[in-house]
Amino acid sequence: MDARLPAADLSARIDGLDWPALEAELNAHGCAVVRGLLTPQTCAALAAWYDAPQHFRSQVIMARHGFGRGEYRYFAYPLPDLVSTLRAGFYPPLAAIANRWNQALGVETRFPAAHADFLARCHAADQTRPTPLLLRYGPGDYNCLHQDLYGEHVFPLQLAILLSAPGRDFEGGEFVLTEQRPRMQSRVEVVPLTQGDAVIFPVRERPVSGARGPYRVNLRHGVSRLRAGSRHTLGVIFHDAA
Ligand SMILES: O=C(O)CCC(=O)C(=O)O
Ligand SMILES: [Fe+2]
């Protein structure tokens, strides 16, 4: 399988997305889906990288940490072109949304326009290890609800791209989000994805507008139990890890 992936096309695709619609979807539902971001060929090539150790800095067996069942590997620097293209391309429009969220929440932090400048901030605080990851689930595997926090510096949005085809490669294994609202019961979103779709979601929190102005809701994400087959995901997190 050819793993030279079309980074230039991908940058143009990301820039050309309907960002106002994606922002509206995020604000309305707590997540937004980009349909068919990656082709099935690219998805298959990426999933096959899981078995190429030269791409990765470490591996996590989820059951050993109580994170669920399944495993993942963090990419090493330098990131493969496709992964750095995704990080550099999605960051600027997401940073604009993150800055509007911080303004709404009365949080002073503002994110620079370029990902390299945000990474410099992480690196200066000793958050220097790359966080993009590939995940692999088999029958019975699942990912417990969690937040991907790796230090003081947190970029508030992330994305996950489904690399496998539901129904063909696996059954079950739904991407889920929960929203914990102050003094209210929690809300859940099950996000139906097909191969190559990307879901954009908050790392930890987001503003929701209420009658008395914006309030903060706390989010977690995870994956329900796989009933059969094999499921791969590419996770793109924008802050580096301590
Ligand atoms: O496998 C998934 O869909 C979720 C992966 C995940 O937790 C992440 O990308 O942060
Ligand atoms: Fe995660």
Side-chain angles (χ1 to χ4, degrees), residues 26 30-38 43-44 46-47 49-50 55-75 79-80 82-84 86-87 90-91 94 127 129-151 154-167 169-180 188-206 218-241:
L26 266 169
C31 61
V33 175
V34 178
R35 295 285 170 209
L37 178 69
L38 300 181
C43 288
L46 269 170
W49 285 355
Y50 197 86
H55 289 311
F56 302 102
R57 65 172 173 89
S58 66
Q59 169 174 275
V60 175
I61 306 293
M62 290 162 63
R64 291 188 193 153
H65 305 269
F67 294 167
R69 234 186 86 162
E71 54 182 78
Y72 53 83
R73 293 181 172 173
Y74 287 108
F75 284 97
L79 297 175
L82 180 109
V83 179
S84 51
L86 286 166
R87 254 185 153 188
F90 272 96
Y91 175 88
L94 294 179
Q127 286 179 229
R129 295 185 306 155
T131 48
L133 73 168
L134 268 186
L135 303 97
R136 180 170 75 186
Y137 308 82
D141 289 356
Y142 59 95
N143 193 342
C144 293
L145 293 172
H146 67 277
Q147 296 176 327
D148 292 299
L149 303 171
Y150 298 93
V154 178
F155 184 74
L157 288 150
Q158 67 186 87
L159 60 135
I161 305 172
L162 182 61
L163 302 177
S164 311
D169 298 332
F170 71 95
E171 314 267 346
E174 303 279 0
F175 183 91
V176 298
L177 279 173
T178 60
E179 272 194 355
Q180 198 182 6
V188 67
E189 279 279 298
V190 176
V191 186
L193 298 171
T194 60
Q195 187 180 35
D197 290 353
V199 54
I200 303 170
F201 55 97
V203 171
R204 176 167 66 184
E205 60 192 12
R206 73 177 181 105
N218 194 277
L219 289 100
R220 290 173 195 281
H221 64 276
V223 176
S224 72
R225 180 167 57 92
L226 250 77
R227 305 305 169 116
S230 152
R231 178 187 185 277
H232 285 84
T233 328
L234 170 66
V236 181
I237 295 161
F238 296 90
H239 41 269
D240 274 350

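We count ligands from 1, going down the list as the structure has it; atoms in each ligand are counted the same way. For clarity, every value in this text was computed on a predicted model and none was experimentally measured.
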#### Entry: Closest candidate by heavy atom, reference atom 6 (C) of ligand 1, pool Arg136, His221, Arg231
His221
### Query
Of all the atoms in ligand 1, which lie at a distance below 4.0 Å from a heavy atom belonging to Leu135?
5 (C)
### Task
May I ask you to check whether Tyr137 and Glu71 show a side-chain donor-acceptor distance below 3.5 Å?
no
### Query
Using 4.0 Å as the upper bound for N to carboxylate O, is an ion pair formed by Arg87 and Asp240?
yes
#### Entry: Salt bridge flag under 4.0 Å for residues Arg206 and Glu179
yes
### Query
Is a side-chain donor-acceptor pair under 3.5 Å present for Arg231 with Thr233?
yes
#### Entry: For the Fe ion (ligand 2), the closest N/O/S atom belonging to Asp148
OD2
### Subset of ligand 1 atoms that lie under 4.0 Å from at least one heavy atom of Gln158
8 (C), 10 (O)
### Query
Of all the heavy atoms in Tyr137, does at least one lie under 4.0 Å from an atom in ligand 1?
yes
### Task
Measure the acute angle between the ring planes of Phe175 and His221, then classify it against the limits of 30° and 60° as parallel, tilted or perpendicular.
parallel
### Query
Which residue supplies the protein heavy atom nearest to atom 4 (C) of ligand 1, what is that atom called, and how far is it?
Val223 CG2, 3.7 Å
### Query
What part of Asn143, side chain from CB on, backbone N/CA/C/O, both or neither, has a heavy atom under 4.0 Å from ligand 1?
side chain
### Query
Which ligand 1 atoms does His146 reach within 4.0 Å, using its non-hydrogen atoms?
7 (O)
### Task
Assert yes or no for the condition that the ring centre distance of Phe155 to His239 is strictly below 6.0 Å.
no
### Summary
To atom 9 (O) of ligand 1, the nearest of Pro132, Gly70, Gly173, Gly235 on a heavy-atom basis is Gly235
### Task
If you have a sec, work out which protein heavy atom is nearest atom 10 (O) of ligand 1 and how many Å separate them, to one decimal?
Asp148 OD2, 2.8 Å
### Query
Counting only heavy atoms not in Arg64, do more than 12 sit closer than 6.0 Å to its CZ atom?
no
